[in-house]
Amino acid sequence: MPLTVGTAGHIDHGKTWLVRALTGKDTDRLPEERDRGISIDLGYAPLDLADGRRLSLIDVPGHERFVRNMVAGATGIDLFLLVVDAAEGARPQTHEHLAILDLLGIERGVVAVTKADAVDAETLELALEEARELVPETEVVAVSAKTGAGLDELRAALARAADLVADSNYLSGGPARLYVDRVFSLRGIGTVVTGTLWSGTVGGGDILRVEPSGRAVRVRSVQVHDEAIERAEAGQRVALALPGVERTELRRGDALVAPAAARAGYRLDVSLQELEPIPDGARLLVHHGTSAVPARVVRAGDGHAQLRLARPLVAARGDRLVLRGATTVGGGIVLDAAPARHADPLRFELAERGEAIVHAPVLVDGEWRFSDGWLAELRAGLDKRLAAADPLDPGVTAPDEPWARDVLQLLPFERRGSKLYLPGAAASLGERSAEGAALEAELADASPAAVKVDDAELARFLEQDGKLVRLGGGYAISAAAYGRARELVVHECESAGRIALARFRDLAGCGRRDAQLLLERLDADGVTRRVGDERLLRRRVSAPAT
Ligand SMILES: Nc1nc2c(ncn2[C@@H]2O[C@H](COP(=O)(O)OP(=O)(O)OP(=O)(O)O)[C@@H](O)[C@H]2O)c(=O)[nH]1
Ligand SMILES: [Mg+2]
């Protein structure tokens, strides 16, 4: 599971220098950032850990005017790196960033008390102590970007924090959903967007829809950490090449979603987390994904609200968001991303308990609605059955519920007729082809005698493959020997009218048991029928056998 670390901390406290010391990359690349010596926009760098793991690092600005960019960066991270200046200690944006991380549910991380080179031992100890109190249950490391002191300890602490992150933050099963954080053009490639994939997977050739504009785009290629990959998975930071799209047609805050995903909506029902009281009718900025949208808060009973958005957003139940006025005043967890306009408190209570929430598909305005969890369950169930499917025909019957057509195209299975297969799956003996070849050789050797086959599944496969014919009692005979036996029987019956067991045994040159089993199989195949001790041809095959 690839993890993303986001910095946090007050302006000038040393985030960007620390990122540069850790990764070798200066993320302050805008001319204005260089001139003013502050970060304005998000910066990105890969961070290699001692154990070979690679984390994605996002550097955020500390200036209070750019908290909006900080939140856009922080919505896609798994771990925080809170940076505190050893001389200054915690300052306003140290606290605000911490509150934002908390509202976004980002619990794990490391605190770096930096610029340790610039203070005496006693000041450093006080700063470390303050940091431990500020962020309990989190490792605090003293570092200096200037001298490099403490950097190895910091990397080790980040590795330990990464170990603690549950990898269930993102849902691989849902429809693809990515929030754009950068758009740029590369010569020879065209427009490229980057962002964190919140759910689903994305691969070259996929068609996605830009929300809220509704424009369809085709993904030419996918990169993770500057390396081309076939499919990116939920939780990864990805770069998508989008040929034929103008740079200006996309911007930070846009969402790229699977074609069948719900459209962006103007309302969100949320469960509120208030840092300070949020009155009914309050006008705030809703930070969700990489966008910030003005909204009016319509309170609906205790702890709930409907957010009426000035611009539509793509969201899903369970998403976290941050509410800001002049500063961060609270946040919310999405209960319903496509609610009715009526903010009925009872509906919120039901939604909170999950009762009124759509789980299995329901048709709303011509579109199937269902929960990500439901889709994940469906996929897991099909995956499990496919894993157990007969290698001879490694498919499973596709669900044929009314939603099947729309829903199944969200899943990476191949449909052939009424069945689903893993892409490219073909009937095979797989690792057992050597066993199959050995059995065929054994049957050819034994011909015209039958052979007892212990592996019924192998026998069934080879029979369907036309290599052998199964007889009773676990015996099998080569397909060629069965064909000859059949010809003998048909020929004899046509000339003599009937055939007895002893006569057949003599003609076929096999033992009595095999002769008996062969005749029974011919009966079962409708070639002959038994009358007393003899066989007669069934009328419908009395014409020359084919
Ligand atoms: N002595 C010393 N100075 C440092 C160290 N790290 C950063 N500084 C100083 O602090 C200034 C600000 O550092 P940055 O890394 O740009 O701070 P920032 O947290 O990224 O600032 P914003 O992104 O604007 O919030 C630098 O220009 C350096 O002068 C350090 O380890 N030791
Ligand atoms: Mg900076």
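In each ligand, atom 1 is the first atom listed, and ligand 1 is the first ligand listed. If you're wondering where the values come from, they're calculated on a predicted model, not measured in any experiment.
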Quiz item: For Arg215, does the CZ atom sit with more than 12 other heavy atoms under 6.0 Å from it, leaving out its own atoms?
Solution: yes
Quiz item: Between Pro61, Gly14, Ala145, which one has a non-hydrogen atom sitting closest to atom 31 (O) of ligand 1?
Solution: Ala145
Self-check item: Nearest atoms (heavy-atom pairs only) where Lys146 meets Asp117
Solution: CD-OD2, 3.6 Å
Exercise. Could you say whether the N/O atoms of Ser39 and ligand 1 ever approach to under 3.5 Å?
Key: yes
Quiz item: Quick one: which ligand 1 atoms are inside 4.0 Å of a heavy atom on Ile11?
Solution: 24 (O), 25 (O)
Quiz item: Counting each atom of ligand 1 from 1 as listed, which ones have a heavy atom of Ser144 under 4.0 Å away?
Solution: 31 (O)
Quiz item: When you look at CG of Asp302, are more than 12 heavy atoms from neighbouring residues, nucleotides or ligands closer to it than 6.0 Å?
Solution: no
Quiz item: Which protein heavy atom lies closest to atom 21 (O) of ligand 1, and at what distance to 0.1 Å?
Solution: Asp12 N, 3.0 Å
Quiz item: What atoms of ligand 1 come within less than 4.0 Å of a heavy atom belonging to Ile38?
Solution: 24 (O)
Exercise. Check each heavy atom of Thr147 against ligand 1 and say whether those closer than 4.0 Å belong to the side chain, the backbone, both or neither.
Key: neither
Quiz item: Looking at CG of Asp78 and CZ of Arg237, how far apart are the two atoms once the value is rounded to the nearest 0.5 Å?
Solution: 11.0 Å
Quiz prompt | Output field: ring centroids Tyr179/Trp198 closer than 6.0 Å | solution = yes
Quiz prompt | Protein heavy atom at shortest distance from atom 16 (O) of ligand 1 | solution = Trp17 CD1, 3.9 Å
Quiz item: Is it true that the side chains of Ser39 and Thr16 contain a donor and an acceptor less than 3.5 Å apart?
Solution: yes
Quiz item: Which protein non-hydrogen atom lies closest to atom 8 (N) of ligand 1, naming both residue and atom, and how far is it?
Solution: Lys115 CE, 3.5 Å
Quiz item: Taking the six-membered ring of Phe184, is the NZ or CZ of Arg247 close enough (under 6.0 Å from the centre) and on axis enough (within 45°)?
Solution: no
Practice problem: Write out the residue and atom name of the closest protein heavy atom to atom 18 (P) of ligand 1, then the distance separating them to 0.1 Å. | Solution: Lys15 N, 3.4 Å
Quiz item: Mind checking whether the Mg ion (ligand 2) has an N, O or S of Thr7 under 2.8 Å?
Solution: no
Self-check item: Flag if over 12 foreign heavy atoms under 6.0 Å of CD, Glu107
Solution: no
Self-check item: Sub-4.0 Å atoms of ligand 1 with respect to non-hydrogen atoms of Thr16
Solution: 15 (O), 18 (P), 20 (O), 23 (O)
Quiz item: Asp206 and salt bridge (Lys or Arg N to Asp or Glu O under 4.0 Å): which partner among Arg231, Arg218, Arg220?
Solution: Arg231
Quiz item: Which atoms of ligand 1 sit under 4.0 Å from any heavy atom of Asp117?
Solution: 1 (N), 2 (C), 30 (C), 31 (O), 32 (N)
Self-check item: N/O/S atom of Thr16 inside 2.8 Å of the Mg ion (ligand 2), strictly under
Solution: yes
